[in-house]
Number of protein chains: 4
Amino acid sequence: MPKLGMEPIRREALVQATIAEIGDAGSLDVTVSRIARRAGVSAALAHHYFGGKEQIFLAAMRHILAQYGAGVRLALAGARTPRARLDAVIAAGFSPENFDEATIGAWLNFYVQARVVPEAGRLLRVYQRRLRSNLVHDLRPLVGDAAPDVAETLAALIDGIYIRAALGEGLPDGAAATARVARVLDRLLETGE
Amino acid sequence: MPKLGMEPIRREALVQATIAEIGDAGSLDVTVSRIARRAGVSAALAHHYFGGKEQIFLAAMRHILAQYGAGVRLALAGARTPRARLDAVIAAGFSPENFDEATIGAWLNFYVQARVVPEAGRLLRVYQRRLRSNLVHDLRPLVGDAAPDVAETLAALIDGIYIRAALGEGLPDGAAATARVARVLDRLLETGE
Amino acid sequence: MPKLGMEPIRREALVQATIAEIGDAGSLDVTVSRIARRAGVSAALAHHYFGGKEQIFLAAMRHILAQYGAGVRLALAGARTPRARLDAVIAAGFSPENFDEATIGAWLNFYVQARVVPEAGRLLRVYQRRLRSNLVHDLRPLVGDAAPDVAETLAALIDGIYIRAALGEGLPDGAAATARVARVLDRLLETGE
Amino acid sequence: MPKLGMEPIRREALVQATIAEIGDAGSLDVTVSRIARRAGVSAALAHHYFGGKEQIFLAAMRHILAQYGAGVRLALAGARTPRARLDAVIAAGFSPENFDEATIGAWLNFYVQARVVPEAGRLLRVYQRRLRSNLVHDLRPLVGDAAPDVAETLAALIDGIYIRAALGEGLPDGAAATARVARVLDRLLETGE
DNA sequence: AATGAATGAGGATTCATTCAT
DNA sequence: GATGAATGAATCCTCATTCAT
């Protein structure tokens, strides 16, 4: 039965199962066994591929961050003006594939993981740095030296909306979330904050 | 050694130990034993008083929320104008006793807990409702019907700053956090968004 | 509040609570705390009076056996012929105060206890010896040397009916139980087995 | 060391160890650890295969009842007349493999378990129903409508002898037990009770 | 490549029992 | 006499992880 080239397929399945399982559980209290069963493989295989539970979680984080990154890149490709690019970056975070139940739940838990596992912290910081750098880059032409500060505000607002979505309160849909952030951006741009 | 009336003292000690332990660990992966040892009692006593680990966590949440609530009430007592009251509410969340390492860490984890334990979700929602209602009440005279929307934006921003503080990134000090939110509020008020 | 002469009252209450608790639980898996609470005293007091859990169980056994013994003695007092005395002994075991749910349940569990705690075994054996001796004494005039054997059969039958009552199967009422044993006795007497 | 197809072997070993352990202890107060050690495996494996302590006990009950049932079936296979079948049923219960120390001890404790765990009660009731039905079936030709009543008496007598054997008093050997029941059956048949 | 078998380590929880008041 | 306070010891159970096949 073991086929050639199964590894990438299995890894992908395990990563997806991990995210789904975390989403279902609402926490990182998920067992490797459950993840493996959901992916249709044995727990031993999960270990074989990833080396350990922590690595499985990290792979899931990487997957989510990569997916987010790809979304941003895609959105940026079609944007011409700084403002259009800003809107693109903001919208990307709330696009359907990043803003669904399971992903949001996983995201919240990765914040926790980032406080515990150094490598997880590194991953999350890379994402944040990239987000901020994207924002700053396009804010600079609009607000000048206030860019870093405005960027931080926007980033915090985005994270806050995410976190509130994780609680089931607040907006369940990405369009409204995007609109909210965009509106704040409007105000901050009006006077150059 | 056994004195009378020890119960409230032990409970308080255990709650403090729980928050500190969660803060240290960065996650809810703390054992009752460690909490108890930190509080200077046996694990059995912790169970005796609270009934179980989950209840201990809930007690810690209640403590943190109550402390926050008291801070808000205190701050509101000295504020006269709507804007002053808004600033008071915002500042209360970032006051030193609410915005220290351990409390922030515990807070983040309570967000997770809220997704898993219904009672925890209820507690957090009560806090959010109260915060929103405070904000809406004082925004109404300033922005009219936009009040709920502005309130939601402010609440999300506050939560976002909290979460980022939990990651060790962003502002470590409450004054700056307060200032950031206040500045956004300024902009939002200017045009009555 | 402590009154003089409370001890016998408390002991009695604790013994009754023990039997009731065992009856409710269906097993000896009852805690001293529960027993004490049911008796309206603290667990510490139960220990103070009895010395330990095992002693509490033994006291309950003694109580049940004593109650049974008293019933037998009372029944024998009014019986004149050997057969009447046999019937009296049989009926005593199935009288309402010995054949209620809780007592039957406790009884079954004391059989278990008898295999574990030597003193419990001794108590049960004393009861059995007395029952057998009563039966033999009155069977002798009726069946001669077969008396010990017939007695053993009757005793086993009585125990069997008890045990089956404990399971909720078979007869729930003492009159029928008595009749059953009496009928068997009739047959055994007919030919002097 | 891990071979394939170990599961049934381990299960069997654990069940045997459970019966032996209960027999030794004289009660259900045996730990999973001790059972597992006796079976030569870890406690974790016992849980892995059975799911929990209660299930282990149930498996042991099922084993004992199945063994008893097999013995009855075997004995019935060689019996031609109703009376021979009755004797076979009676003797089966007291055959060496059903009437040894450990099994008797376990049996008594299963009576207790039956009062506490519904599934255990169901198992025991199935056995009792089957025994009664066997007896009634073969008593009918001999005593007509009195069959159910005589069957109940015999069943109670059998249980009673069992229980007394559990106490270490009375007959330690099955032959005598069988003879005792057979003799009572003789008497009950003489007049058709 | 993949898995069933197996376990060590650890944690929540329960409870009888002790003791100072 | 009576109890709240407190704990050590035990036990069930879970789970990540390893290993031979």
Side-chain angles (χ1 to χ4, degrees), chain A residues 1-7 9-10 29-37 40-56, chain B residues 1-7 9-10 29-37 39-56, chain C residues 1-7 9-10 29-36 40-56, chain D residues 1-7 9-10 29-37 40-56:
Chain A
M1 281 261 190
K3 303 228 181 100
L4 255 26
M6 286 306 279
E7 176 157 352
I9 297 173
R10 295 273 139 98
D29 272 327
V30 295
T31 70
V32 173
S33 289
R34 288 186 71 87
I35 292 172
R37 192 177 319 145
V41 300
S42 71
L45 191 63
H47 270 89
H48 181 62
Y49 278 144
F50 290 94
K53 194 188 194 180
E54 204 170 291
Q55 323 279 334
I56 298 178
Chain B
M1 254 169 272
K3 301 247 179 77
L4 254 49
M6 279 285 104
E7 178 158 352
I9 296 172
R10 297 307 188 199
D29 271 328
V30 294
T31 71
V32 174
S33 287
R34 288 185 71 86
I35 292 173
R37 191 173 322 143
V41 301
S42 71
L45 192 66
H47 274 95
H48 179 62
Y49 279 136
F50 288 95
K53 195 185 193 180
E54 201 171 295
Q55 323 274 338
I56 297 178
Chain C
M1 254 165 273
K3 303 229 180 100
L4 256 26
M6 286 307 279
E7 175 157 352
I9 296 173
R10 295 269 141 96
D29 272 328
V30 294
T31 71
V32 174
S33 289
R34 288 185 69 87
I35 292 172
V41 300
S42 72
L45 190 63
H47 270 89
H48 181 63
Y49 278 145
F50 290 94
K53 194 188 195 179
E54 202 171 293
Q55 323 279 334
I56 298 178
Chain D
M1 253 168 274
K3 303 246 179 80
L4 253 49
M6 279 285 104
E7 177 159 351
I9 297 171
R10 296 307 188 200
D29 271 329
V30 294
T31 70
V32 174
S33 288
R34 289 186 71 85
I35 292 173
R37 192 174 321 143
V41 300
S42 71
L45 192 65
H47 274 96
H48 178 61
Y49 279 136
F50 289 94
K53 195 185 192 181
E54 201 171 294
Q55 322 275 337
I56 297 178

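Within every chain, numbering begins at 1; the chains are lettered A, B, ... in the order of the sequence lines, protein sequences first and strands thereafter.
Residue whose closest nucleotide on DNA chain E sits further toward the 5' end, between B:Ala43 and A:Ala43: A:Ala43. Ranked by how close their nearest DNA chain F nucleotide is to the 5' end, D:Val30 and B:Gly40 are led by B:Gly40. Along DNA chain E, the nucleotide nearest A:Leu45 and the nucleotide nearest C:Val32 are compared for position; the residue whose nucleotide lies closer to the 5' end is A:Leu45.
Rounded to whole Å, the distance from NZ on B:Lys53 to C1' on E:dA12 is 8 Å. In this structure, CD of C:Glu7 is placed 7 Å from P of F:dG1, rounded to the nearest angstrom. The CZ atom of C:Phe50 sits 13 Å away from the P atom of E:dT17 (whole-angstrom rounding). Rounded to whole angstrom, the span from the CZ atom of B:Arg34 across to the C1' atom of E:dT13 amounts to 19 Å. Taking atom NE2 on D:His47 and atom P on E:dG8, their separation rounds to 15 Å, with Å as the unit. F:dC13 atom P lies 19 Å from atom CG of A:Asp29, rounded to whole Å. Straight-line distance from the CD1 atom of D:Ile56 to the P atom of F:dC13: 8 Å, rounded to whole Å. With rounding to whole Å, B:Met6 atom CE is found 11 Å from E:dT21 atom P.
Taking both residues in full, the closest heavy atoms of B:His47 and B:Lys53 are given as NE2-N, 4.4 Å, listed atom of the first, atom of the second, then distance. Taking every heavy atom of both residues into account, D:Ala46 and D:Ala36 meet most closely at CB-CB, 4.5 Å.
Taken from CE in D:Met6 to OH in D:Tyr49, the straight-line distance is 8.0 Å, to the nearest 0.5 Å.
Applying the Watson-Crick and G-U wobble criteria (two distances, each under 3.5 Å), E:dT17 pairs with F:dA6.
Within the 4.0 Å cut-off from OP1 or OP2 of E:dA2, at least one side-chain nitrogen or oxygen of A:Tyr49 is found. Checking the phosphate oxygens (OP1, OP2) of F:dA2, a side-chain nitrogen or oxygen of C:Arg10 falls inside 4.0 Å.
As judged by a 4.0 angstrom heavy-atom cut-off over every strand, B:His48 is placed among residues making no nucleic acid contact. Residue A:Thr31 is in sugar-phosphate contact alone, with no base atom involved, counting any heavy-atom pair closer than 4.0 Å across all strands shown.
The side-chain contact (heavy atoms from CB on, under 4.5 Å) test with B:Phe50 is passed by exactly one of B:Val32, B:Ile56, B:Ile35: B:Ile56.
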